Amino acid sequence: MPDAPHEILHDALVRAASAAAGAPVPRVEITPPARPEHGDLATPVALGLAKVAKRPPRQIADEVVAALRGDPAVAELVDGAEVAGPGFINLRMSPAWYARIVSGVVAAGAGHGRGGAQRPEAVLVEFVSVNPTGPPHVGHARQAALGDSIARILAFAGHRVTREYYVNDYGRQMELFGESVAARYAQLLGEDARVPEDGYRGDYVSDVAAILHVEVGERYAGRAGRLDADGRGFFARRGGELMLDAIFAELEAFRVHFDVVSHETPLHVSGDVERRLDELTAAGHTYVDEGALWFRSSAFGDEKDRVLRRANGVTTYLAADVAYHLDKAERMGDRMIDILGADHHGYIGRLKAVLAASDHDPDRLEVLIVQLVSLLEDGEARRMSKRAGTLVTLGELVRDIGVDAARFFLVERSSDTTMDLDIGLAREQSQENPVYYVQYAHARCCALQRKAAEAGVDVAASVATPGDVGGDERALVARLAEWPAVAAEAAARRAPHRVVAYLKDLSREFHAFYHRSQVVDAPPAERAFRLGIVAATRAVIGTGLDLIAVEAPERM
RNA sequence: GCGCCCGUAGCUCAGCCGGAUAGAGCGGCGGACUUCUAAUCCGCGGGUCGCAGGUUCGAAUCCUGCCGGGCGCGCCA
């Protein structure tokens with residue numbers, strides 16, 4: 001939109017600042033001031049220019065203001081401009097400015113703020129990736145909420161996003177899981193069998209065993225305790241499949257879908273892992289020490305070297321990750337984002353080293369570390385252990401407080417802050433949860449539109465210029481205008497919590513506006529203006545909630 | 001010991017690629033429903049931005065050191 005009011009203002013300020021500085025000024029920062037008495041918009045441009053021009057900031061500001069006042073392009077938009085403090089330029093905007101901002105947002109609707117990425121990329125986001133040996137717990141719930149929200153925010157910004165889940169369905173942990181399932185299966189048949197010492201003991205293991213019992217009847221009767229390779233393989237493989245089905249079912253209920261599911265096993269079976277190790281060796285990035293094959297990752301910034309194949313010939317977890325990440329690097333476009341729990345942060349160095357050693361730019365890989373969720377139950381720490389089966393699962397959390405509250409809560413805080421989640425409190429305070437505050441604002445917008453329609457007012461009529469614009473309206477419209485910057489920033493920083501913070505701010509300003517301004521019964525010009533504000537607010541809240549996969553109800 | 005994250009109001013946290021008098025929610029106290037949804041609003045109280053230096057017109061924000069908390073530091077995954 002070439003005549004977008006912000007651009008007109010910005011260009012005018014650039015002209016004025018360039019004239020005052022006597023040199024081209026490429027761009028000018030325009031922000032809403034912290035205090036309303038400082039006007040509607042402000043710019044510190046003179047402060048920055050003072051350094052280069054070697055003149056007092058206030059003097060420069062005076063010249064900028066004079067130039068701005070004489071600029072016909074902004075005469076209709078700016079009601080007043082003055083210099084304040086150390087050299088800030090404070091602007092008071094006109095009703096026409098506000099009407100144009102609002103009508104711009106209304107016209108854009110759900111597209112307002114879309115496409116803010118400076119350089120669109122193909123991005124592969126890998127997240128959750130929990131082993132199919134048990135259900136996702138609360139920590140995974142945070143990663144799921146964050147990963148999915150980041151994917152949505154990146155897509156909104158204009159990136160081409162792929163969501164991927166990597167299944168570690170290979171190795172010792174899967175064998176243990178298979179043995180655990182086999183033991184429960186045997187117990188179902190009345191046989192004397194025990195779950196291995198370091199096996200999995202959660203109730204879900206029995207659930208899997210029960211399904212297997214239905215599927216295969218008594219085929220493995222009498223030998224579940226001492227299975228041959230075929231039998232062990234069956235319980236691990238089929239048990240893992242069922243577990244994975246359950247995991248994806250819980251994630252779907254949590255509104256998280258994946259475009260690609262990659263498995264570890266094929267990487268081994270196809271020889272991919274061995275081939276990658278050979279390539280690293282051929283390139284001189286490995287060595288043998290005490291019978292083990294080492295990756296010289298410290299040559300690529302890692303803290304120390306890592307074992308790829310143990311002395312006993314078995315490859316490590318990292319070996320599979322070499323194959324997996326190189327595969328991703330080759331099949332994907334521009335960027336890979338791995339979302340990992342804080343207990344995996346030591347992995348960053350070696351993963352980047354894998355890429356660097358294979359002539360990939362390690363900066364293509366971003367590892368986002370999500371700090372842990374500590375669970376409390378009525379103020380007391382609740383220890384979790386997957387093997388003991390004492391964890392709180394994503395499914396239990398959702399059943400407890402609902403998808404909307406859980407998703408909102410889990411992305412409300414920055415991913416690099418540890419989070420205390422008191423289950424008892426979350427349950428009791430569900431009515432106090434800020435998610436309802438935001439949803440209520442959306443529902444109120446819808447109610448106003450219904451009311452207006454009932455009164456015979458054309459809700460879709462064009463936005464009119466009001467005689468005057470009140471303080472609540474100025475704050476609210478400024479907030480609506482800020483949305484594209486917030487959405488772009490949230491994408492660039494992979495920070496969904498910025499969307500949440502924005503939605504809470506926007507909702508607060510809307511509620512205040514609602515209480516102090518009549519909409520349906522206002523005079524025609526004000527009514528059309530305010531209905532525009534309502535439509536714009538509804539659209540932006542709806543968009544923002546969608547980016548964190550929280551519903552935007554029309555009634556509450 | 002080394003690495004990453006955190007330390008801001010009683011509690012939970014925003015703000016952090018430098019800008020005006022540091023914000024919100026919750027909790028506390030006091031108000032507002034004959035009027036478009038009170039899951040709401042308005043008002044009051046609440047701070048050595050962990051500590052100490054440094055950088056500069058200006059630091060919660062950048063740099064250094066220290067203190068406190070979390071998580072890592074396997075031929076586990």
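Letters go in sequence order (proteins before strands), and every chain restarts at 1. Being a predicted model, the structure only gives us computed values, none of them experimental.
Of the side-chain N and O atoms in A:Tyr440, one or more sit less than 4.0 angstrom from OP1 or OP2 of B:rA39. A close approach under 4.0 Å does not occur between any side-chain nitrogen or oxygen of A:His515 and OP1 or OP2 of B:rU37. Contact between the side-chain N/O atoms of A:Arg508 and the OP1/OP2 oxygens of B:rU40 is not found at any separation under 4.0 Å. When the side-chain nitrogen and oxygen atoms of A:Thr315 are compared with OP1 and OP2 of B:rC75, none of them lie within a distance under 4.0 Å. Listed pair A:Lys304 / B:rG74 meets the phosphate criterion, a side-chain N or O lying under 4.0 Å from OP1 or OP2. Considering only side-chain N and O atoms, A:Tyr514 lies under 4.0 angstrom from the phosphate OP1 or OP2 of B:rA38. For B:rC16, one of the phosphate oxygens OP1 or OP2 lies less than 4.0 angstrom from a side-chain nitrogen or oxygen of A:Arg498. Look at A:Tyr437 and you'll find a side-chain N or O under 4.0 angstrom from OP1 or OP2 of B:rC41.
Among the atoms of the strands shown, only primed sugar atoms or phosphate atoms (P, OP1, OP2) are found under 4.0 Å from some heavy atom of A:Ala512. When heavy atoms are screened at a 4.0 angstrom cut-off, A:Asp321 is found touching no nucleic acid atom at all. Contacts of A:His497 with the nucleic acid, taken as non-hydrogen atoms under 4.0 Å apart, involve only primed sugar atoms and P, OP1 or OP2. Residue contacts for A:Arg493: at a heavy-atom cut-off of 4.0 Å it reaches a base atom on one of the strands shown. Note on A:Ala311: a base of the nucleic acid sits closer than 4.0 angstrom, heavy atoms only. Contacts of A:Arg516 with the nucleic acid, taken as non-hydrogen atoms under 4.0 Å apart, involve only primed sugar atoms and P, OP1 or OP2. Using a 4.0 Å heavy-atom cutoff across all strands shown, A:Ala443 reaches at least one base atom of the nucleic acid. Here A:His38 lies in heavy-atom contact (under 4.0 Å) with a base. Here A:Glu509 lies out of heavy-atom contact (under 4.0 Å) with every strand. Within the 4.0 angstrom heavy-atom criterion, only backbone atoms of the sugar-phosphate kind lie near A:Leu372; the bases stay farther away. A:Asp302 comes within 4.0 angstrom of no nucleic acid atom, judged by non-hydrogen atoms across all strands. Residue contacts for A:Asn168: at a heavy-atom cut-off of 4.0 Å it reaches no nucleic acid atom on any strand shown. When heavy atoms are screened at a 4.0 angstrom cut-off, A:Ala455 is found touching no nucleic acid atom at all. Contacts of A:Glu264 with the nucleic acid, taken as non-hydrogen atoms under 4.0 Å apart, are absent.
B:rG43: Watson-Crick or G-U partner is B:rC29, with both key distances under 3.5 Å. Shown here, B:rA9 forms no base pair; nothing in the strands shown gives a Watson-Crick or G-U wobble contact with both key distances under 3.5 Å. In this entry B:rG1 has B:rC73 as its Watson-Crick or G-U wobble partner, both defining distances falling under 3.5 Å.
Comparing the same atom, C1', in B:rA20 and in B:rA38 gives a spacing of 37 Å after rounding to whole Å. The C1' atoms of B:rC62 and B:rG18 are separated by 8 Å, rounded to the nearest whole Å. Here, B:rA24 and B:rU37 have their C1' atoms 24 Å apart, quoted to the whole Å. Comparing the C1' positions of B:rC51 and B:rA60 gives an interatomic distance of 14 Å, to the nearest angstrom. Spacing between B:rG43 and B:rC67 at atom C1', rounded to whole Å, works out to 40 Å. Only the C1' atoms considered, B:rG46 is 34 Å distant from B:rU64, to the nearest whole Å. As rounded to the nearest Å, B:rG19 and B:rC63 have P atoms that lie 14 Å from one another. Nucleotides B:rA59 and B:rG15 are separated by 14 Å at their C1' atoms, to the nearest Å.
Heavy-atom distances to RNA chain B give each of A:Asp472 and A:Glu412 a nearest nucleotide, and the one nearer the 5′ end belongs to A:Glu412. Take the nearest nucleotide of RNA chain B for A:Ser415 and for A:Asn312: the residue whose nucleotide is more 5' is A:Ser415.
Of the possible donor and acceptor atoms, one in the side chain of A:Tyr165 sits under 3.5 Å from a partner among the backbone N and O of A:Val130. At distances below 3.5 Å, not a single donor-acceptor pair connects side-chain atoms of A:Arg527 with backbone N or O atoms of A:Ala452.
Residue A:Ile89 contributes atom CD1, which lies 14 Å from atom C1' of B:rG19 at whole-angstrom precision. Computed from coordinates, the A:Asn433 CG to B:rG27 P distance equals 13 Å when rounded to whole Å. In this structure, the CD atom of A:Glu175 is 13 Å from the C1' atom of B:rC76, given to the nearest Å. Protein atom CZ of A:Arg444 is 8 Å distant from nucleotide atom P of B:rA39, rounded to whole Å. Whole-Å rounding puts the A:Arg350 CZ to B:rC73 P distance at 8 Å. Atom pair A:Glu29:CD and B:rA20:P shows a separation of 11 Å (rounding to whole Å applied). Between the CG atom of A:Leu448 and the C1' atom of B:rU37 there is a distance of 9 Å, rounded to whole Å. Straight-line distance from the CG atom of A:Leu49 to the P atom of B:rG19: 17 Å, rounded to whole Å.
Side-chain atoms of A:Glu37 lie closest to B:rU21 of the nucleotides B:rC76, B:rC36, B:rU21. Nearest to the side chain of A:Arg413, among B:rA14, B:rA77, B:rA39, sits B:rA14.
There is no side-chain donor-acceptor pair under 3.5 Å between A:Tyr347 and A:Asp338.
The aromatic ring of A:His345 does not sit over the base of B:rG72; the criterion of centres under 5.5 Å apart with planes under 30° is not met.
A salt bridge links A:Glu274 with A:Arg309: the closest approach of a Lys/Arg side-chain nitrogen to an acidic carboxylate oxygen falls below 4.0 angstrom. Between A:Arg474 and A:Glu509, none of the side-chain N atoms (NZ, or NE/NH1/NH2) sits under 4.0 Å from a carboxylate O, so this pair counts as no salt bridge. Taking a cutoff of 4.0 Å between a charged side-chain nitrogen and a carboxylate oxygen, A:Lys328 and A:Glu126 qualify as a salt bridge. We find that A:Asp321 and A:Arg306 are not joined by a salt bridge, their nearest charged nitrogen and carboxylate oxygen being 4.0 Å or further apart. A salt bridge does not link A:Arg407 with A:Glu551: every distance from a Lys NZ or Arg NE/NH1/NH2 to an Asp or Glu carboxylate oxygen is 4.0 Å or more.
Looking at A:Asp343, its side chain has no donor and acceptor atom pair within 3.5 Å of the base of B:rA77.
Below 30°, between 30° and 60°, or above 60°: for A:Tyr200 and A:Phe177 the angle between ring planes is above 60°, a perpendicular geometry.
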